[in-house]
*Asks:* 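Once you've had a glance at the structure underneath, I'll fire off some questions.
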Amino acid sequence: MNVTVKDIPVTQLNKQHLVEWRRHLHENPELSFQEVQTSQFVYDTLSSFGNLELSRPTKTSVMAKLKGAKPGKVIGFRADMDALPIQEETNLPFASKVDGVMHACGHDAHTAILLTVAEILSTKQEELSGEIRFFFQHAEELFPGGAKEMVEAGVTEGVDMVFGLHVASQLPKGKVGVIFGPATSNSDQFELTVKGQGGHSSQPDKTVDPVVISAQIITNLQSIVSRMTSPKEELVISVTTLHAGEAVNVIPNEVRIGASVRSLTQDVRNNAMTAVERLVKGITEANGATYELDVAYGYDSVINNEEATAIGERTLKRKLGEDAVLHGSAIMGGEDFAAFANSVPGCFVFVGAKEKDDPSPAPHHHPKFRIEEDAMEDGVKYFLGIAEELVF
Ligand code: NI
């Protein structure tokens, strides 16, 4: 058992900064790949701490290195910084000042948390054995994502382990969701055009009706989940867009179908897309139609490394209390932390941030999304605890 001697405190001033920074970011949200002011704010704030080596791995991301006086492990902490194209409806005094753009996923909190961790740890350089890298990542919300770009820029070279977190508006404050293995889903999609032969609705025999064929396809897609995938595996196929025809007395030439496909493992992911094409090919062919299928593979599933996650869990219990940890199963949302976790062993946890007196908190990506600000301190303690255990 690793006996940790240090317990790095979070001061009143740190807590004050945490809230100030989060509110500043919340008021000034920027969309993915456009985080110009945000990354400058992060860069300038980090510059004010001292002891950090700052760089810009990409145009709107920031990396800070804190190199210890003694050799040791190299660990990475990651926060994402981008907002969403949503009109805020929270009525908060520090609501977004930008029309149609909102921090509706809590990335403002993530950035403020990591800034605070950097503020605290930057004063401990003399006692540090090893190195801490702070990754302030752009564009989590928009594929291909900023994480991949940062990893390709080499930020994880030489890193032993990487840690990240997400606030969770529907998980009670004081609880942290820890998941071993797959934690988020592979997030893929496809667009399908079923090409028939249009004509008059009164003469269906003279057409190849893509609407009826599409109905068969949509119904059959669910068999991939229920009949072609093990009941012990997770898979979601949701047809989410459907466009056909303009007039009720005309059978259209084609139907366009869009769908989202979510899975946890590479096997299920690949089998699902193979089955989609097989069904589409078979059904269209059987009915004399043709098709065009465009598959877009999105973020990989975040796979939490066994050892890193055990460290994360132990740290949470030590810093937040034995009953703070909730063991969950994977969520079927996407998260580009996967690019970091594919590059080096990683752990991604969900920090409860439900508002105390809100019985039905808004979900993430909702115009009324809010968090309990006190919960950010749990995030700070999590990162500090990891540092205490691995590099102090
Ligand atoms: Ni998010």
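Start at 1 with the first residue, then count along the sequence. Just so you know, ligand 1 is whichever comes first in the structure, and atom 1 is the first atom listed for that ligand.
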*Asks:* Name the one of K124, K319, K6, R314 that satisfies salt bridge (charged side-chain N to carboxylate O under 4.0 Å, His left out) with E388?
*Replies:*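 Among K124, K319, K6, R314, the one that satisfies the salt bridge (charged side-chain N to carboxylate O under 4.0 Å, His left out) with E388 is K319.
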*Asks:* Below 2.8 Å, any N, O or S contact between C105 and the Ni ion (ligand 1)?
*Replies:*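 C105 does place an N, O or S atom closer than 2.8 Å to the Ni ion (ligand 1).
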*Asks:* Would you please say whether a donor-acceptor pair under 3.5 Å links the side chains of T111 and D108?
*Replies:* no
*Asks:* Within H107, is some N, O or S atom less than 2.8 Å away from the Ni ion (ligand 1)?
*Replies:*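 Coordinating: yes.
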*Asks:* Return the name of the atom in H166, of element N, O or S, nearest to the Ni ion (ligand 1).
*Replies:*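 Atom name of the closest N, O or S in H166: NE2.
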*Asks:* For the residue pair F350 and F348, categorise the inter-ring angle as parallel (less than 30°), tilted (30 to 60°) or perpendicular (more than 60°).
*Replies:*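 Perpendicular: the ring planes of F350 and F348 meet at over 60°.
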*Asks:* side-chain hydrogen bond (donor to acceptor under 3.5 Å, both in side chains) with T265: which residues, sequence neighbours excluded?
*Replies:* none
